[in-house]
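We count ligands from 1, going down the list as the structure has it; atoms in each ligand are counted the same way. Count residues from 1 along the sequence.
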Amino acid sequence: MFQTSLSTLLRKRRRPESTPAHPQQGKKFGEVIVYLVERRMGKSRRNFLTSLARSKGFCVDNTLSAEVTHIVAEGNPAHELWPWLQEQDVPHLDNTNVLDITWFTESMRAGRPVPVEEQHRIQKPSLQLKTCLPDTSLPTVSQYACQRRTTLDNRNKVLTDALEVLAENYEFNDSKGSCLGFRRAVSVLKSLTTALSCLQDAVDLPCLGEESKMVIEEILECGSSSRVDNILADERYQTLKLFTSVFGVGPKTAEKWYRIGLRSLEQIHSNSSIHFNRMQAAGFLYYEDISKPVTIAEAKAVGCIIEETASCYSSNVTISLTGGFCRGKEFGHDVDFILTVPEPGKEDGLLPAVIDTLRSQGILLYSDFQESTFDLNKLPSRRFEAMDHFEKCFLILKLQMGLVEGQQADPSRRRDWKAVRVDLVAPPADRYAFCLLGWTGSTQFERDLRRFARLERGMLLDNHALYDKTTNTFLQAKTEEDIFAHLGLDYIEPWQRNA
Ligand code: UTP
Ligand code: MN
């Protein structure tokens with residue numbers, strides 16, 4: 001389970017009590033026995049939540065036995081859940097906690113079972129209520145990703161894959177607005193706990209424009225969309241997709257190469273009129289490796305290298321895994337880490353030292369170091385920038401496969417190492433929470449956090465700070481939870497930010 005293998009990497013990020021040293025033991029809170037209702041939650045999400053809970057030491061029973069103390073359901077209205085529970089002939093049902101997923105989520109966050117409160121309970125409907133007021137209302141879906149919980153268990157992958165092709169194609173055509181519109185639609189669909197079965201299911205959903213709906217309808221009715229199929233078969237789309245898969249090559253450069261008639265990476269390479277910048281040169285040199293996904297085991301091995309390297313600089317450096325792996329992804333295009341030292345300002349010079357050490361170990365294949373341009377006096381920034389001002393570096397490291405846990409020796413490989421993309425960022429300690437929230441992603445989640453802050457709260461949020469325009473003050477935060485609280489948002493766990 002990736003939660004288990006990640007536990008060591010995550011230990012510095014989470015409070016110690018939330019990640020048990022031996023997650024497999026799973027009996028830390030023996031008095032609480034959880035049963036997750038598969039109905040409406042679905043098998044794969046249930047499996048996911050079960051392993052998550054077990055990795056945190058919770059006891060989860062797969063059967064609805066007499067031992068179960070906490071029954072947890074998601075998306076089940078009381079008038080549906082209770083008759084179903086009664087059909088299961090559960091002994092002592094009236095003495096068992098029947099709870100909404102919010103109790104589970106809060107418990108995962110706390111790393112222990114939180115006390116049951118009234119708002120957690122799915123109340124047994126009284127007979128009178130049942131006949132007069134059936135609760136058929138489904139919870140409404142927010143237009144903001146930061147008010148939705150989006151796990152990796154995507155129930156609408158066929159639809160989101162198709163809409164992502166459209167978004168990407170608009171990006172290649174430099175239509176930012178349309179691209180964003182489709183990305184928003186994708187993100188809403190990813191948050192749903194059930195698969196759409198007809199267009200009618202989508203009527204109340206936000207962010208789905210007419211174009212998105214047409215594609216959805218076509219796929220639900222015919223199994224595929226001719227519009228999407230045409231793009232996939234389009235030479236320009238295929239070529240731009242190939243070119244942008246190279247590290248250092250964005251849509252603009254890809255378009256330039258396409259225009260002069262280039263169609264393959266070999267053609268680019270052998271064209272003497274093309275001059276690569278340093279990043280692109282490295283991108284081509286290590287293409288075979290870095291175009292392959294990084295596995296969680298490889299990320300863990302990189303984490304150990306960075307940890308050892310940074311500890312040569314100071315025993316006070318904290319390494320936190322961030323980015324996609326922190327959201328529970330099993331594969332990534334790179335590995336992202338935040339490095340901090342306790343005293344703000346002392347991080348100055350940390351990354352150059354780390355880079356030097358990596359170089360002297362002979363494992364630095366590429367490095368692009370960016371000095372800090374962070375200036376408290378220049379905040380708040382009103383410009384949305386993908387890049388923040390912290391000291392950071394974009395690296396390619398030579399990872400010895402022998403350091404990767406569970407790695408099978410592959411005699412067909414010509415060499416015993418793999419080139420891996422690694423990003424490091426070193427914010428001042430008092431900026432850590434903002435930096436962590438920004439780098440954990442997903443990109444769509446971040447966009448919506450900022451949009452929500454600005455439009456709903458009159459605040460400016462970026463990777464450096466949160467500024468309240470009404471009171472003209474900066475709001476301080478030590479943890480991500482503090483930032484959600486300042487924004488008046490329910491806390492969303494990293495694994496629920498896969499928007
Ligand atoms: P990534 O591009 O690494 O994405 O950026 P990811 O979610 O980890 O996905 P994979 O698995 O690698 O493909 C991680 C987050 O860091 C932010 C991005 O906006 C994204 O949300 N980021 C990246 C910054 O905030 N500043 C930067 O300079 C770079
Ligand atoms: Mn990443």
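Atoms of ligand 1 found under 4.0 Å from any heavy atom of D334, numbered from 1 in the order shown, are 3 (O), 12 (O). The contact set between ligand 1 and D336, taken as ligand atoms under 4.0 Å from a residue heavy atom, comprises 3 (O), 8 (O). Those atoms of ligand 1 that come under 4.0 Å of a heavy atom in G324, given as number and element, are 6 (P), 7 (O), 8 (O). Numbered from 1 in the order shown, with element, the atoms of ligand 1 that lie under 4.0 Å from a heavy atom of K329 read 9 (O), 10 (P), 11 (O), 13 (O). Listed by number with element, the atoms of ligand 1 under 4.0 angstrom from any heavy atom of R327 are 7 (O). Within the listing of ligand 1, atoms 11 (O) sit less than 4.0 angstrom from a heavy atom of G332. Residue-ligand proximity, H333 to ligand 1, at heavy-atom distances under 4.0 Å covers atoms 1 (P), 2 (O), 3 (O), 10 (P), 11 (O), 12 (O), 13 (O). Annotation for ligand 1: atoms under 4.0 Å from non-hydrogen atoms of G441 are 21 (O).
Note on D336: its N/O/S atom closest to the Mn ion (ligand 2) is OD2.
The distance between the ring centers of F394 and F247 does not fall below 6.0 angstrom. F276 has its ring centre less than 6.0 Å from the ring centre of F284.
Using modelled atom types, no side-chain atom of D334 and backbone atom of D423 make a donor-acceptor pair closer than 3.5 Å. Proximity of a side-chain donor or acceptor of N156 to a complementary backbone N or O of L159 within less than 3.5 Å is not detected.
K157 has a carboxylate O that lies under 4.0 Å from a charged side-chain N of D161, or vice versa, which qualifies the two as a salt bridge.
Here D334 meets the criterion, with an N, O or S atom under 2.8 Å of the Mn ion (ligand 2).
The shortest distance between side-chain heavy atoms of W495 and L152 does not fall below 4.5 Å. The shortest side-chain heavy-atom distance between C179 and F172 does not fall under the 4.5 Å cut-off.
For the residues N463, D423, L437, the heavy atom positioned nearest atom 25 (O) of ligand 1 is part of N463. The residue from S442, P293, G438 that puts a heavy atom closest to atom 17 (C) of ligand 1 is G438.
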Given side chain to side chain contact (heavy atoms under 4.5 Å, CB included), test S320 with Y432 step by step and report yes or no. CA-CA 10 Å; S320 316; Y432 172 74; 2.9 Å; yes
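For ligand 1, the polar-atom distance check finds no N/O of T440 at less than 3.5 Å from any of the ligand's N/O atoms.
With rounding to the nearest 0.5 angstrom, the CD atom of Q444 is 10.0 Å from the OG1 atom of T150.
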